[in-house]
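Below is one structure, written out as structure tokens; comments come after it.
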Amino acid sequence: MELIQKTPDLSAYLAADDAIDHDHPQVREVAGRLAKEAEDSYAYARLAFEFVRDTIPHSQDSGDPRVTWRASDVLERRTGICYAKAHALAALLRAEDIPTALCYQRLDVVHGLVAVRLDGAWHRQDPRGNKPGVYAQFSLGGERLAFTPDHAAGEADYPELYAAPHPVVLDVLKAATDRPHLWQTLPAAL
């Protein structure tokens with residue numbers, strides 16, 4: 001699948017916004033700590049991915065009723081669904097000047113991912129969090145995402161790479177009173 005950069009200006013994929021608040025002290029602290037362990041951008045990207053995937057539980061898996069959508073809140077509260085975890089990873093990567101896009105899959109509901117630009121190409125990553133039957137890994141040499149869409153069932157990969165969270169996703173997150181409410185309002189398509 002050919003990924004489509006929605007915004008031609010690559011600097012848009014380094015920008016901060018309300019959800020990808022990489023200028024927030026919480027994001028800067030975590031990014032600085034991870035950067036000290038990394039010898040280069042590739043190692044940092046892998047460390048940031050593993051940090052979000054492994055230390056921030058997916059709220060559905062953990063049973064946490066809180067809804068987060070801002071990257072700094074995800075890092076502080078240590079919870080979030082796929083979209084929120086993607087926002088956190090995007091903020092950590094952008095904090096270290098690694099262009100990062102938000103992208104999505106249509107499964108039974110819309111699923112959130114990121115794409116990182118390294119080696120002159122975009123590489124999709126899924127920081128959702130592993131569990132039995134889900135085994136996502138950081139990879140620049142071929143996708144190792146949590147889920148593969150079943151095209152026969154109408155599932156699909158969206159090829160668009162967004163500089164900011166898709167409005168449908170962000171509106172649902174912001175409107176949710178808790179995770180059970182969010183689960184009833186998750187978008188089925190973009």
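In this text, all values refer to a predicted model and were calculated from it rather than measured experimentally.
The closest side-chain heavy-atom distance from Trp122 to Gln5 is below 4.5 Å. Considering only heavy atoms from C-beta on, Lys6 stays 4.5 Å or farther from Leu161 through its side chain. In this structure, the side chains of Leu190 and Val169 come closer than 4.5 Å at one or more pairs of heavy atoms. With a 4.5 Å cut-off on side-chain heavy atoms, Pro149 and Leu107 count as touching. In this structure the side chain of Glu37 never reaches within 4.5 angstrom of the side chain of Phe51, judged on heavy atoms. Proximity of Thr68 to His87: side-chain heavy atoms (C-beta onward) are nowhere separated by under 4.5 Å.
The main-chain N or O of Ala95 is found under 3.5 Å from a side-chain atom of Arg28 such that the two form a donor-acceptor pair. A donor-acceptor distance shorter than 3.5 angstrom exists from the side chain of Lys85 to the backbone of Val52, with no hydrogens or angles considered. A distance-only check finds a donor-acceptor pair linking the side chain of Asp64 to the backbone of Arg66 [under 3.5 Å]. Between the side chain of His151 and the main chain of Glu155, a donor-acceptor pair closer than 3.5 Å is present. Formation of a donor-acceptor pair under 3.5 Å by the Arg94 side chain with backbone atoms of Thr100 is found in this model. A donor-acceptor pair under 3.5 Å links the side-chain atoms of Ser139 to the main chain of Gly141, judged by distance alone. A donor-acceptor pair is defined here as one N or O able to donate and one able to accept, closer than 3.5 Å; such a pair exists between the side chain of Tyr44 and the backbone of Leu92. When atom types are taken as modelled, the side chain of His123 and the backbone of Leu118 share a donor-acceptor pair closer than 3.5 angstrom. In terms of modelled atom types and a separation under 3.5 Å, the side chain of Arg179 and the main chain of Ser59 share a donor-acceptor contact. Judged purely by atom type and a 3.5 angstrom limit, Gln105 uses its side chain to pair as donor or acceptor with the backbone of Phe147.
Cluster annotation: Leu14 and Phe49 are assigned to distinct hydrophobic clusters (Ile/Leu/Val/Met/Phe/Trp/Tyr, side-chain heavy-atom contacts under 4.5 Å, transitive). Cluster membership check: Tyr42 shares its hydrophobic cluster with Val114, using side-chain heavy-atom separations under 4.5 Å among Ile, Leu, Val, Met, Phe, Trp and Tyr. The hydrophobic clustering, which links ILVMFWY residues whose side-chain heavy atoms are closer than 4.5 Å, places Tyr158 and Tyr162 together.
Shown here for Asp9 and Tyr13, the closest heavy-atom pair between the two residues is O-CD1, 3.9 Å. Across all their heavy atoms, Gly80 and Ile56 have their closest contact at N-CG2, 4.3 Å. Summarising the geometry of Val134 relative to Ala146, their closest heavy-atom pair is CG1-CB, 3.4 Å, with the distance given to 0.1 Å. Summarising the geometry of Leu93 relative to Ala45, their closest heavy-atom pair is CD2-CA, 3.6 Å, with the distance given to 0.1 Å. When all heavy atoms of Ala163 and Ala12 are compared, the closest pair comes out as CB-O, 3.6 Å. Of all non-hydrogen atoms in Ile20 and Pro165, the two that sit nearest each other are CG1-CD, 4.4 Å.
Residue Leu113 holds its CG atom at 10.5 Å from OH of Tyr83, rounded to the nearest 0.5 Å. Rounding to the nearest 0.5 angstrom, the gap separating the CG atom in Leu102 from the CG atom in Leu89 is 9.5 Å. If you take CD1 on Ile81 and CG on Asp61, they are separated by 11.5 Å, rounding to the nearest 0.5 Å. Note that CZ of Arg53 is 5.0 Å distant from CG of Asn130, once rounded to the nearest 0.5 Å. Here OG1 of Thr148 is found 8.0 Å from CG of Asp157. Values are rounded to the nearest 0.5 Å. Residue Gln137 holds its CD atom at 11.0 Å from CG of Leu145, rounded to the nearest 0.5 Å.
Between His166 and Tyr104, the angle of the ring planes goes over 60°, which puts this pair in the perpendicular group of the 30/60° scheme.
Taking a cutoff of 4.0 Å between a charged side-chain nitrogen and a carboxylate oxygen, Glu143 and Arg124 qualify as a salt bridge. Look at Arg128 and Asp126 and you find no salt bridge, because none of the NZ, NE, NH1 or NH2 atoms lies under 4.0 Å from a carboxylate O.
Listed by chain and number, the residues in a side-chain contact (heavy atoms from CB on, under 4.5 Å) with Ala156 are Arg106 (sequence neighbours excluded).
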Identify each donor-acceptor pair in which a side-chain atom of residues 180-187 lies under 3.5 Å from a protein atom, sequence neighbours left out, and give them as a table.
{"residue": "His181", "atom": "ND1", "partner": "Thr177", "partner atom": "N", "Å": "3.2"}
{"residue": "Thr185", "atom": "OG1", "partner": "His181", "partner atom": "O", "Å": "3.4"}
{"residue": "Thr185", "atom": "OG1", "partner": "Leu182", "partner atom": "O", "Å": "3.1"}

Side-chain donor-acceptor distances from residues 69-76 under 3.5 Å, at least two apart:
{"residue": "Arg70", "atom": "NE", "partner": "Asp18", "partner atom": "O", "Å": "3.1"}
{"residue": "Ser72", "atom": "OG", "partner": "Asp21", "partner atom": "OD2", "Å": "2.5"}

Where do Asp23 and Val27 land on the side chain to side chain contact (heavy atoms under 4.5 Å, CB included) test, with the steps shown first? CA-CA 7 Å; Asp23 49 357; Val27 176; over 6 Å; no
